[in-house]
Amino acid sequence: MSEGSAPATGSLKRTLTLWDLVFYGVVIIQPVAPMGIYGVVSMEARGHVVTTILIGLCAMLLTAFSYGKMAAAYPSAGSAFTYVGQELHPSLGYATGWSMVMDYVLNPIICTILCSKLVTTTDIGRLVPEAVWIVFFAALFTGLNLRGVKQSARMNELLAIFMGIVVVLFLGAALRYLLGASLTGADLTRPFYDPATFSFPVVLTGASVAALTYIGFDGISTLSEEVENPRRNILLATVYTCLAIGILSALEVYAAQLVWGTWNGFSSVETAFVEIARKAGGLWLFLLVNATLLVATMGSGMGAQLGAARLLYGMGKSGALPRPFFGAVEAKHGIPRNNVLLVGAFSLVGGFALSYQLGAEMLNFGAFIAFMGVNLAAFTRYWLRAEKKTFGNFVFPLVGFLFCFYLWYSLRPQAKLAGAAWLAAGLVYGAIRTKGFKKELVTFDAPAE
């Protein structure tokens with residue numbers, strides 16, 4: 001072949017369409033996303049779960065706009081810490097990246113806790129103490145990752161489709177149940193606004209937890225190099241994904257609250273949704289929803305643990321963490337074994353030390369820091385530094401920042417204290433290693449496989 005006709009090497013083919021990206025985003029977030037946190041949010045918001053989902057949707061749509069804009073500016077990065085570090089300041093980028101590390105480590109912990117709770121809702125599961133299940137799931141995720149077992153993209157897509165079918169079955173059962181109930185106009189509006197229990201600060205605290213429903217949409221921006229017309233499609237796909245998940249989640253929790261009839265009375269807040277499924281459709285729906293949530297959470301926990309291990313490996317390889325331990329790769333399976341074991345240990349200890357709610361809130365603490373940073377980065381690049389200034393580039397990122405700030409501020413004090421302690425420790429460590437952030441410490445990206 002002549003030099004002019006030789007194919008380019010080292011680049012990815014741009015084959016993904018807009019709707020490929022939207023489907024990918026829904027697969028990442030999962031159609032059953034609000035089911036695991038339903039009970040926690042209902043108790044915190046005193047029943048206004050639909051309202052919290054919609055508040056979270058507003059914040060995420062605006063933040064999705066900022067992610068899409070920044071993905072166009074940095075098509076090969078797709079990371080909040082890169083956007084913040086490049087547009088604002090390296091120290092702020094580091095703080096964002098360090099918050100991301102906390103999220104990576106917390107994700108398998110809350111998955112371990114939720115799996116243990118779901119198993120003990122069944123008669124067979126209750127024969128074994130919950131503490132034993134925590135040990136089992138922490139060991140299971142670790143063991144599978146040590147053996148190099150990986151979830152295929154195809155399997156994740158099939159699971160997402162199956163979860164969508166389960167959601168439809170739940171909504172159908174709920175509708176059938178409600179058609180036989182005597183509902184008043186007040187009953188139909190209570191999930192949105194209940195004058196007997198409404199309090200804006202309380203609802204915002206619930207919304208700060210409900211935002212967990214949308215976590216993962218930012219993963220779309222990592223595919224920038226494989227997308228047709230990335231400047232347009234990344235932004236649209238991120239917004240459409242948040243919108244689709246928000247509408248679906250609102251329908252799920254609205255039906256659930258109408259079926260249950262009140263905002264409390266659950267035997268366990270972590271498994272509230274499966275209790276509602278039993279009331280709506282009987283034992284078969286209870287078992288189906290419970291099994292679906294269990295499989296989905298196991299998949300998330302396993303993937304999250306490997307993601308955390310690979311992120312720590314990247315930090316070890318770059319010298320930000322001790323290289324001999326964190327930068328080592330086990331030859332047979334090609335996995336960072338030390339890091340898998342370490343994250344597994346965190347999951348085991350965290351399964352006993354944290355509640356599901358506190359773990360989820362701490363995860364959102366880190367996520368909101370990243371979201372606020374991306375909104376400010378988009379504002380800085382496309383308004384403060386732009387030659388041509390538009391109304392949208394001024395309003396959307398600023399309002400997105402304010403939404404995320406208020407949700408972050410509305411987290412319970414325990415979560416903010418724990419998150420602040422993690423952040424402070426990371427900033428001290430980073431300042432020491434970089435002599436006051438005068439040199440780059442690390443790229444907070446999990447390396448490509």
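Quick note: numbers below take in every heavy atom, side chains included, and nothing from hydrogens, waters or symmetry partners. Predicted, not measured: the structure shown is a model, and the values here were computed from it.
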Check: Phe217 ring centroid to Tyr67 ring centroid under 6.0 Å: yes
Residues that Tyr214 engages under ring-ring contact (aromatic ring centres under 6.0 Å, His included), provided they are two or more places apart: none
Under the ring-ring contact (aromatic ring centres under 6.0 Å, His included) test, residues paired with Phe198 that sit two or more places apart: His48, Tyr193
Partners meeting side-chain hydrogen bond (donor to acceptor under 3.5 Å, both in side chains) with Thr120 (sequence neighbours left out): none
Inter- and intrachain pairs under side-chain hydrogen bond (donor to acceptor under 3.5 Å, both in side chains), touching residues 335-349, at least two apart: none
Pairs satisfying side-chain hydrogen bond (donor to acceptor under 3.5 Å, both in side chains), at least one member in residues 26-36, at least two apart: Gln30-Ser300
Is there side-chain contact between [X] and [Y], with at least one heavy-atom pair below 4.5 Å?
{"X": "Leu358", "Y": "Arg412", "value": "yes"}
{"X": "Leu321", "Y": "Tyr429", "value": "yes"}
{"X": "Met298", "Y": "Leu140", "value": "yes"}
{"X": "Leu312", "Y": "Tyr104", "value": "no"}
{"X": "Val32", "Y": "Phe273", "value": "no"}

Donor-acceptor pair, side chain of Thr63 and main chain of Met60, under 3.5 angstrom: no
Side-chain (Thr297) to main-chain (Leu294) donor-acceptor, under 3.5 angstrom: no
Taking the six-membered ring for Trp, are [X] and [Y] parallel (under 30°), tilted (30 to 60°) or perpendicular (over 60°)?
{"X": "Phe141", "Y": "Phe137", "result": "tilted"}
{"X": "Tyr38", "Y": "Phe266", "result": "perpendicular"}
{"X": "Tyr74", "Y": "Tyr83", "result": "tilted"}
{"X": "Tyr240", "Y": "Trp19", "result": "parallel"}

Test item: side-chain donor near acceptor, Ser267 and Glu275, under 3.5 Å: yes
Between Gln257 and Ser42: side-chain donor-acceptor atoms closer than 3.5 Å: no
Candidate pair Leu363 and Leu212, rule side chain to side chain contact (heavy atoms under 4.5 Å, CB included), full reasoning: CA-CA 8 Å; Leu363 192 152; Leu212 187 66; 3.8 Å; yes
Audit row: Trp408, Asn364, side chain to side chain contact (heavy atoms under 4.5 Å, CB included) steps and yes/no: CA-CA 8 Å; Trp408 175 84; Asn364 281 351; over 6 Å; no
Working for side chain to side chain donor-acceptor pair (under 3.5 Å), residues Ser268 and Glu270: CA-CA 5 Å; Ser268 170; Glu270 293 88 354; 2.9 Å; yes
With a cut-off of 3.5 Å and sequence neighbours excluded, list every side-chain donor-acceptor pair involving residues 158-169.
none

Lys NZ or Arg CZ of Lys416 over Tyr409 ring: under 6.0 Å, within 45°: yes
